[in-house]
Amino acid sequence: MIVPLSWLQDYVDITLPVPELAERMTLAGLEVETIQYIGVSGADLVWDRDKFVVARILAVGQHPDADRLVLARVEYGAPEPATLVTGATNLFPYLGQDLSGQNLKSPMVLEGAAIYDGHKEGFVKTRLKGRKVRGIMNRHMLCSEKELGISQEHEGIMLLETAAVPGTPLQDILGEVILHLDLTPNLARCHSMIGVAREVAALTGTSPQGTPQTVRYPSLNVVMGGPPAAEAVRVEIEDSALSPRFTATLIRDVRIGLSPEWMQRRLKLVGVRPINNIVDITNYVMMELGQPLHAFDYDLLLQRARTTSVSVPTIKVRQASIGEGMTTLDGTSRTFNEYDILITDTAGPVGIGGVMGGTETEVHVGTRNVLLEAANFNLINIRRTAQAHKLPSEASARFGRGIHPAEAIRGARRAAELMRTLAGGTVGQGIVDNYPDPPEPVVATVTPAQIKRWLGIHIDQKEVVAILEALQFQCQIKGGAIHATVPDHRLDISTGLTGTADLIEEISRIYGYGKIPETEMSDPLPPLRANRPQEQEERTRDLLVAAGLQEIISYRFTTPEAEARILSPGSQPDERPYTTIANPISQDKSVMRHTLLESLLVAVAANVRHHGHVALFEIGSVYLPAEGRRLPDEPTRLCVGMAGQRETVGWMGGDEGSMDFYDLKGVLEALTDGWRLEGVRYEPTTDPVFCPGRAARVSLHNGRTHLGTAGQVHPLVAKRFDMPDGIPLLAAELDLDALMAAIPAGFEVQPIPQFPVVYRDVALVLDEAIPAADVQQLIVQTGGRWLAQVRLFDVYRGTQLPAGKRSLAYALAFQSPDKTLTDRDANKLRDKIVRRLEREIGARLRSQ
Amino acid sequence: MLEQLEKLRTEALEGLRAVADGAALDTWQRSTLGRRGIVTLITRRVGELPKESRPAFGKRANQVKQELTAAYERKATAVKADEMERQIATGAIDVSQPGRPRPLGRLHPSTQVLREICRIWGDMGFQVYRSRDVETDEYNFQLLNMPPHHPARDMWDTFYTTQEGVVLRTHTSPGQIHAMHDYHPEPIRVILPGMCYRYEQISARSEIQFNQVEGLAVGKNITFADLKGTLSSFAGRLFGAQIQTRFRCQHFPFTEPSAEMDVECILCSGRGCNVCKKTGWLEILGCGMVHPAVLRHGGYDPAVYTGFAFGMGVERPAMVKYGIKDIRYFWSGDLRFLEQF
């Protein structure tokens, strides 16, 4: 909402400095986004009062030496008139005319003043210097709107229709302060000058020091004459739920022309293009009172009536039939839906109610008789129509937020009188007003106790009433409660407890949030509830960070095609359904993800281009629609991705080798060890994402609880992500919910051992096919309670061994909690272990 | 023989004097005092002497041995000290060379800020409650006092799904209803962190997904003054105890009265800068008293219970705090950004 203060002041006094007023409005919910100053203090270009003045043009003569320049003789408050050289094309029509009887005025800037350069892009200041133009000295100039900083307009000079005498400072007639308001949806009533004026009055008139402010409403008196409108037009409403009210006013014998300069100026200031006096008046009244209006050419309606053998135009407001059509004012041919509300006559649609009129019956240069519509429509239909037809307009924006039907008649009367006085029309007797079901006044109640309960402070009943009355509620005190009748310009106050809350909001914002104290809650604390999954998730992040990984967060949007890229060629496609976005912002974000792997692989591959060592993780939801349920499952996944050098190599050298499966597994073990998960299994698996032979199924509880898959990404998949050749891409995706569910609730600390450790190393030769994990398990089982630690320290394959065999070397640490073990004890245990391994998995000692 | 012993003693002491390093000292020790050293050898020859001379020789030999041993120990200490000094003198390193790099993991900046916010609210007795991302229209809008086509819905540009009546949550507010359903009729103090989604063109200034932290307090005795006190206390803990706050009237369909809390701009200390658009204030969160209809939808009788709710972003305050110019960095997964936190 754009509010020029010069316009607002017609209805309310501005009693505060502008920044203070703006702050008070903002704090009370009418957010002033910007304050725009034109010509006055605060503006980028301030019009000096003695250098920017009103000039009257006395005569326009031809420049003796230039066809495209004229000489304007002007009176501007100085003792002698001045002659100015100008190229303004809009002065050419006055060449040689006698202008003494005319009131042709323009803004004039005197030598030495700074103005905006009209010929430069944007607003660039320049200083006006006297110079000879084709032999004639020119000191001052008549200005365009752009040169003054009013608008971008630079076609010719600005012409003024003003009673101000020459020499009047320009500030006094064109200086302006404009408030740009960002209004929330509940402030529908403030989309008009009157609406803002009411708020300003309440906000600046209720302070203890302030004098009560009243709003000066424009007169709604209409001088009527001629035959009654009811004889010339009939109005029918099909469904008062769609259109609660429809008024028709007939204005005869108007003269179409330009609207007065002051009206054009105001419309331009609020961003409305002036068209002609009739259309301008409908727009002006909409801006002033908030009631949108539409003007029909009455004679065209009459013609249409006659073509259908009806003598009196009959307006019918009704729901559209599907497939019905019309061309709207913007020249677009439209087909309607059942929720569009149509204004029709006996020949068909003439307008979309509350949104836009039809082209066939619009007011034009030759219009003599005008039928003025001021009506009311259901806001939901208006919103759907404006959205479906992509027709946001000043009218639909207002109807779509809600307008009280009481406003219709006010708009009709105000506009009709303006059409009479400004366009010379005669307003037909009696406005046709179809208002089948006027709503009962809304009464909301509030008590001081309720205010105390809600706000925590006591506000005196008198003050409450004063605030509500300043907002034009009518208050009655009944049994300690304030019964406030809601004024008929607002729809946002309800009844019952909601109505009470509505009133409390009004009271508190006018009273001032700043005056409400800050207190600590005295209410009892609720029962304390731990959020274990959330705490575990955070601890999981900490463990991964401690393992040197960087957390990332990705878009949760993707496409099925993008996710298909993680599956190696020829593998089974992912056919599970997706949560699909009906209105995606872009083609690459059409569904909610099934996996974190895809975005993680993208990130790893992208970072590998500028980082030698990349190790990332993400924790987040995936979205899995389930048969027969409206909402998808949202399980939490953990994804790890790694690639590049094992170490960042410094001047001292280091391990420059590429990370491999065991680096990834080390990270996962750090995580599961950190959580004290026992019996985590890694078994060979085949998976479409991973390289055969280099992928492990990770599980718990003897394989019964599946956690996910870890491995080296299939090289053909890695290639799709533009991974450089030869750098293994490692990744794992785990079901974090399953992992967290398995975390033991507690653990017991072992005493620090008192007795020494005895070490024995064994190197075993085994079949390649026997997993190290099985060997380790046998060792642990056999070693019993004296086996404190088993560590695989060497794996050897090669010429010294038969084909198909490998050697695994283990360091065994024996320790007893209650005595010093002898060499004999250790040897016995070692031999027992070796014998078991020989017997059960065909191992033999490598030294033998 | 005694003479030999004396000569040996003199030579050995001279030899020891000439010793300059550990290796020479070891050699001297072996050849003089070792198992096959000359002192041992000469002592063994005691049998060659006449019986009566033996005790005197033995005694002297012992004296010599002790003297040499003592001399050796003194020398050894000196040599070791010399050597350590030499080592120290030649062992200086360039301490300005970089250290061996350790891989350092980091949390995403959003996680860091979220944790900070959750920690403060945790200290203030608000516990974390989480709810789903994909929501029904009912929970995202209707139960929050926004019937279909309600004008207030314009405040949220919504992602719809192809499933009728299912949307991506535009705010964490549906969690308020879930929490109320779970906990009523007990009092509530929870915060609801989570990812939210809005249909907006992605640019340096706007994103389609972002974290939000919502808060909810419900009880029989909770007032707007409590809301102001609690939120100002939060702001003090987040930005420093001296931070100024102000509450501006706002409109949210699910709270009434509603407000926005501004804090004094942390970059210009309220003097006015480009970040705060010269106002001296930064908008931090939206808040208000829970609307009676919302309380009722949550299972609480609004005639008995009141409550307040608030919601704040995570990435935007982070952008202000760290001077991040482009919101798209957050989900880029780019280490060149993430490594800076």
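Below, all heavy atoms of this structure are taken into account, side chains as well, without hydrogens, waters or symmetry copies. Below, read A as the first sequence line, B as the second, and so on, with proteins coming before strands; counting in each chain starts at 1.
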If every non-hydrogen atom of [X] is compared with every non-hydrogen atom of [Y], which pair is closest and at what distance?
{"X": "A:Arg556", "Y": "B:Asp133", "value": "NH1-OD2, 2.8 Å"}
{"X": "B:Pro257", "Y": "A:Tyr513", "value": "CB-OH, 3.4 Å"}
{"X": "A:Ile553", "Y": "B:Met195", "value": "CG2-CE, 3.8 Å"}
{"X": "A:Lys452", "Y": "B:Thr223", "value": "O-CG2, 4.0 Å"}
{"X": "A:Arg630", "Y": "B:Gly165", "value": "NH2-O, 3.2 Å"}
{"X": "B:Gly333", "Y": "A:Ala603", "value": "O-CB, 4.2 Å"}

Under 4.5 Å from a heavy atom of chain A, the part of [X] involved:
{"X": "B:Ile222", "answer": "both"}
{"X": "B:Pro253", "answer": "neither"}
{"X": "B:Ile188", "answer": "backbone"}
{"X": "B:Phe210", "answer": "neither"}
{"X": "B:Thr158", "answer": "backbone"}
{"X": "B:Gln250", "answer": "both"}
{"X": "B:His150", "answer": "backbone"}
{"X": "B:Ser258", "answer": "both"}
{"X": "B:Pro292", "answer": "side chain"}
{"X": "B:Val218", "answer": "backbone"}
{"X": "B:Glu256", "answer": "both"}
{"X": "B:Gln201", "answer": "both"}
{"X": "B:Ala217", "answer": "side chain"}
{"X": "B:Arg102", "answer": "neither"}

Specify which of [options] makes the most heavy-atom pairs with chain A at under 4.5 Å.
{"options": "B:Gly125, B:Pro302, B:Pro103, B:Ser332", "value": "B:Pro302"}
{"options": "B:Ile208, B:Leu104, B:Leu231, B:Asp262", "value": "B:Ile208"}
{"options": "B:Pro151, B:Pro148, B:Pro187", "value": "B:Pro151"}
{"options": "B:Arg100, B:Gln97, B:His108, B:Arg153", "value": "B:His108"}
{"options": "B:Thr306, B:Val166, B:Thr230, B:Leu338", "value": "B:Leu338"}
{"options": "B:Arg296, B:Lys277, B:Lys278, B:Gln163", "value": "B:Gln163"}

Output the option from [options] having the highest count of non-hydrogen pairs under 4.5 Å with chain B.
{"options": "A:Ser554, A:Gly400, A:Ser599, A:Ala547", "result": "A:Ser554"}
{"options": "A:Thr648, A:Ile581, A:Leu525, A:Ile585", "result": "A:Ile585"}
{"options": "A:Gly456, A:Ala28, A:Ala501", "result": "A:Ala501"}
{"options": "A:Glu23, A:Met592, A:Met521", "result": "A:Met521"}
{"options": "A:Arg509, A:Glu520, A:Glu634", "result": "A:Glu634"}

Notebook entry, point to check: So does A:Glu537 pair up with B:Arg130, basic N to acidic O under 4.0 Å?
Noted result: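 Yes, A:Glu537 and B:Arg130 are salt-bridged.
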
Notebook entry, point to check: Are any of the side-chain nitrogens in B:Arg106 or A:Glu551 under 4.0 Å away from the carboxylate oxygens of its partner?
Noted result: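 A salt bridge is absent here (no side-chain N lies under 4.0 Å from a carboxylate O).
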
So, taking the atom named [atom1] in [X] and the one named [atom2] in [Y], what distance separates them when rounded to the nearest 0.5 Å?
{"X": "B:His251", "Y": "A:Leu183", "atom1": "NE2", "atom2": "CG", "value": "12.0 Å"}
{"X": "B:Leu168", "Y": "A:Asn583", "atom1": "CG", "atom2": "CG", "value": "8.5 Å"}
{"X": "A:Ile382", "Y": "B:His149", "atom1": "CD1", "atom2": "NE2", "value": "13.0 Å"}
{"X": "A:Leu528", "Y": "B:Gln127", "atom1": "CG", "atom2": "CD", "value": "5.0 Å"}
{"X": "A:Leu497", "Y": "B:His291", "atom1": "CG", "atom2": "NE2", "value": "10.0 Å"}
{"X": "A:Arg541", "Y": "B:Gln112", "atom1": "CZ", "atom2": "CD", "value": "11.5 Å"}

Under 4.5 Å heavy-atom distance to chain B, tell me which part of [X] shows up: side chain, backbone, both or neither.
{"X": "A:Pro527", "result": "both"}
{"X": "A:Ser508", "result": "side chain"}
{"X": "A:Trp651", "result": "side chain"}
{"X": "A:Thr580", "result": "both"}
{"X": "A:Ala606", "result": "neither"}

Could you tell me if the side chain of [Y] sits less than 4.5 Å from the side chain of [X], heavy atoms only?
{"X": "A:Thr26", "Y": "B:Trp281", "result": "no"}
{"X": "B:Trp331", "Y": "A:Ile552", "result": "no"}
{"X": "B:Phe247", "Y": "A:Leu27", "result": "no"}
{"X": "B:Ser232", "Y": "A:Glu518", "result": "yes"}
{"X": "A:Glu538", "Y": "B:Thr111", "result": "yes"}
{"X": "B:Leu107", "Y": "A:Asp542", "result": "yes"}
{"X": "B:Lys228", "Y": "A:Thr519", "result": "no"}

Notebook entry, point to check: Is the backbone of A:Asn607 close enough, under 3.5 Å, to the side chain of B:Asp334 for a donor and an acceptor to pair up by distance?
Noted result: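 Flag not set: sc B:Asp334 to bb A:Asn607 has no pair under 3.5 Å.
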
Item checked: Short side-chain to backbone donor-acceptor contact, B:Arg132 and A:Pro632, under 3.5 Å ->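 Yes; judged by distance alone, with no hydrogens or angles, the pair exists.
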
Checklist line | Candidate pair A:Asp523 and B:Lys220, rule salt bridge (charged side-chain N to carboxylate O under 4.0 Å, His left out), full reasoning | finding: CA-CA 7 Å; A:Asp523 212 52; B:Lys220 290 182 179 170; over 6 Å; no

Item checked: Parallel, tilted or perpendicular, as decided by the 30° and 60° cut-offs, for the rings of A:Phe557 and B:Tyr197 ->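 B:Tyr197 vs A:Phe557 ring planes: perpendicular.
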
Check: Looking only at side chains, do B:Asn221 and A:Ser522 share a donor and an acceptor under 3.5 Å apart?
Finding: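 Per modelled atom types, B:Asn221 and A:Ser522 side chains form a pair under 3.5 Å.
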
Item checked: Between A:His611 and B:Glu339: side-chain donor-acceptor atoms closer than 3.5 Å ->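 B:Glu339 and A:His611 do have a side-chain donor-acceptor pair below 3.5 Å.
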
Margin query: Here's one to test your reading of the geometry: is the NZ or CZ of A:Arg529 within 45 degrees of the ring axis of B:Tyr129 and under 6.0 Å from its centre?
Written below: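 So A:Arg529 doesn't make the cation-pi contact.
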
